[in-house]
Amino acid sequence: MAFGLPSLCFRHPTAMKIRQSFLLILVSSLGSLALEDLREKTFIFPEASNTSLVVLRPARQQPLTSFTVCLRSYTDLSRAHSLFSYATRKDDNELLIFKPTSNQISLYVGGSVVTFSTADISVPKPLWEHICVRWESTTGIANLWLNGVSLPRKGMKRGYTIGPEASIVLGQEQDSFGGGFDINQSFVGEITDVYMWDQVLSAAEVLLIQYGGHPSDPLIDWQSLNYEIKGYVVVEPSRFSST
């Protein structure tokens, strides 16, 4: 037999306040959960923090021996900041796209890092930057495109497999699985057009993505995005135009 408090007790003002407070805490802890087409929308990270982020949930959790990640960002930050953080319980830098300076982009795989210099690419600041990175385990070759320009290829983690159980975050750099955020590495600005594939896309496909193309079967799909907002992040119409 189940026992409970009489329903009458919830009409007492004190009991009702406790119940309302509990519901408010529950809703806040759940954050903003959604699955939607975000074409022509952008995530705005209005201020530096260690609490504001977007959690991305891929279509499939699986080991990765290759990947392509593309996104578009807009910021006037000159300090270090994270663009895309994929952590596992084994390694918080399992896959990380990070800007240590405004003229460098670093790619981490399995805790190892290669850094690409973008100083020779003329990008007035601030300006939308379209970044695509790809890596494959067989050769260890990592490649980065910035606004359609392919930078010199580098090698890292040949033979490595990226772990399947991932915490994927925009706006923060994870120093532990799903946490360990540092306000001094947080992103401030706008991020849009986020995609990830479990394969190395061709150069032609990367250029297609830059202008709105959509290769099939992404793990993370901006046009059908499973995401959760935590903290102060706003979804607004994007001001980016490819024309």
Side-chain angles (χ1 to χ4, degrees), residues 38 42-43 53-75 81-88 91-100 104-116 118 128-137 139-151 153-154 156-157 160-174 187 189-227:
L38 289 179
T42 187
F43 289 132
L53 61 145
V54 178
V55 177
L56 302 181
R57 297 186 172 88
R60 302 176 298 282
Q61 293 268 18
Q62 63 187 61
L64 296 174
T65 55
S66 61
F67 66 80
T68 303
V69 176
C70 297
L71 58 86
R72 205 179 305 273
S73 66
Y74 184 62
T75 182
H81 58 276
S82 174
L83 291 172
F84 183 95
S85 176
Y86 177 118
T88 62
D91 196 327
D92 54 90
N93 289 335
E94 188 79 323
L95 194 178
L96 172 66
I97 304 173
F98 189 81
K99 293 197 72 171
Q104 292 179 312
I105 300 173
S106 293
L107 172 65
Y108 290 75
V109 173
S112 296
V113 60
V114 292
T115 298
F116 300 86
T118 62
W128 284 99
E129 292 185 342
H130 187 257
I131 294 170
C132 278
V133 294
R134 65 180 192 179
W135 171 86
E136 62 176 345
S137 175
T139 63
I141 295 299
N143 197 188
L144 182 143
W145 279 263
L146 175 60
N147 291 345
V149 177
S150 177
L151 279 67
R153 288 171 281 190
K154 300 177 183 288
M156 64 190 304
K157 300 298 283 188
Y160 185 74
T161 298
I162 293 172
E165 185 185 359
S167 169
I168 307 176
V169 166
L170 302 177
Q172 300 287 343
E173 194 273 313
Q174 301 173 83
F187 178 80
E190 304 183 29
I191 294 179
T192 187
D193 296 339
V194 183
Y195 293 94
M196 180 178 184
W197 290 266
D198 61 353
Q199 59 182 303
V200 171
L201 298 185
S202 69
E205 287 174 314
V206 169
L207 292 176
L208 183 68
I209 294 163
Q210 183 183 354
Y211 294 100
H214 186 246
S216 63
D217 201 26
L219 292 175
I220 295 174
D221 186 354
W222 191 252
Q223 299 182 27
S224 181
L225 195 67
N226 189 344
Y227 71 95

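These numbers come from the heavy atoms of this one structure, side chains and all, not from hydrogens, waters or symmetry mates.
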**Message:** Checking the side chain of Gln104 only, and the main-chain atoms of Thr118 only, is there a donor and an acceptor separated by less than 3.5 Å?
**Reply:** no
**Message:** Tell me whether Glu94 contacts the main-chain N or O of Gly163 through its side chain, where contact means a donor paired with an acceptor under 3.5 Å.
**Reply:** yes
**Request:** Please find out if less than 6.0 Å separates the ring center of Tyr195 from that of Trp222.
**Result:** no
**Asked** Within the side chain of Thr65, is there an N or O that forms a donor-acceptor pair under 3.5 Å with the backbone of Ser137?
**Response** no
**Asked** Below 4.5 Å, heavy atoms only, C-beta onward: do Gln172 and Ser82 meet side chain to side chain?
**Response** no
**Lys99 bridged to Glu173 by N-O distance under 4.0 Å** = no
**Item:** Between Thr68 and Gln199, a side-chain donor and acceptor under 3.5 Å
**Value:** no
**Message:** Go through it in stages, so that I can follow the logic: the residues are Val55 and Ile168, the test is side-chain contact (heavy atoms from CB on, under 4.5 Å), and I'd like the CA-CA distance, side-chain angles, deciding distance and then a yes or no.
**Reply:** CA-CA 6 Å; Val55 177; Ile168 307 176; over 6 Å; no
**Request:** State, yes or no, whether a side-chain contact exists between Arg134 and Trp145 at a heavy-atom distance under 4.5 Å.
**Result:** yes
**Request:** Determine whether Phe98 and His81 make a side-chain contact, defined as any pair of heavy atoms from C-beta on separated by less than 4.5 Å.
**Result:** no
**Considering all heavy atoms, the nearest Pro215-Pro218 contact** = O-CD, 3.9 Å
**Check: Ile209 and Trp197 side chains under 4.5 Å, non-hydrogen atoms** = yes
**Message:** Just so I know, are the side chains of Asp217 and Arg60 near enough to count as touching, which here means a heavy-atom distance under 4.5 Å?
**Reply:** yes
**Asked** How many angstroms lie between NE2 in His130 and SG in Cys70, if you round to the nearest 0.5 Å?
**Response** 5.0 Å
**Message:** Before you tell me yes or no, could you show the steps for Ser66 and Asp198 under side chain to side chain donor-acceptor pair (under 3.5 Å), namely the whole-Å CA-CA distance, both residues' side-chain angles and the distance that decides it to 0.1 Å?
**Reply:** CA-CA 6 Å; Ser66 61; Asp198 61 353; over 6 Å; no
**Request:** Kindly determine whether Thr161 and Leu64 satisfy side-chain contact (heavy atoms from CB on, under 4.5 Å), including the steps that lead there.
**Result:** CA-CA 6 Å; Thr161 298; Leu64 296 174; 6.0 Å; no
**Asked** Can you tell if the side chain of Trp135 reaches within under 4.5 Å of the side chain of Ile141, non-hydrogen atoms only?
**Response** no
**Message:** Between Phe116 and Ser106, is the side-chain contact (heavy atoms from CB on, under 4.5 Å) condition met? List the steps.
**Reply:** CA-CA 6 Å; Phe116 300 86; Ser106 293; over 6 Å; no
**Message:** Can you tell me how far apart CG (Asn143) and CG (Leu201) are? Round to the nearest 0.5 Å.
**Reply:** 11.5 Å
**Prompt:** When rounded to the nearest 0.5 angstrom, what distance separates CZ in Phe67 from CE in Met196?
**Reply:** 6.5 Å
**Request:** Evaluate the side-chain proximity of Tyr86 to Ile162: yes if any heavy-atom separation is below 4.5 Å, no if none is.
**Result:** yes
**Complete:** Taken to the nearest 0.5 Å, the spacing of Arg72 CZ from Cys132 SG works out to 8.5 Å
**Distance, nearest 0.5 Å, that separates CG of Leu170 from CZ of Phe43** = 6.5 Å
**Prompt:** What is the minimum heavy-atom distance between Asn93 and Asp91, and which atoms define it?
**Reply:** N-OD1, 2.8 Å
**Message:** Let me confirm one number: the OG1-CG distance from Thr115 to Leu144, rounded to the nearest 0.5 Å.
**Reply:** 10.5 Å
**Request:** Go through Leu71 and Thr192 one step at a time and tell me if the side-chain contact (heavy atoms from CB on, under 4.5 Å) criterion holds.
**Result:** CA-CA 6 Å; Leu71 58 86; Thr192 187; over 6 Å; no
**Pairwise side-chain contact, Ile105 with Ile97, heavy-atom cut-off 4.5 Å (strictly under)** = yes
**Request:** For Met156 and Ala142, work out which heavy atoms get closest and say how close.
**Result:** SD-CB, 4.2 Å
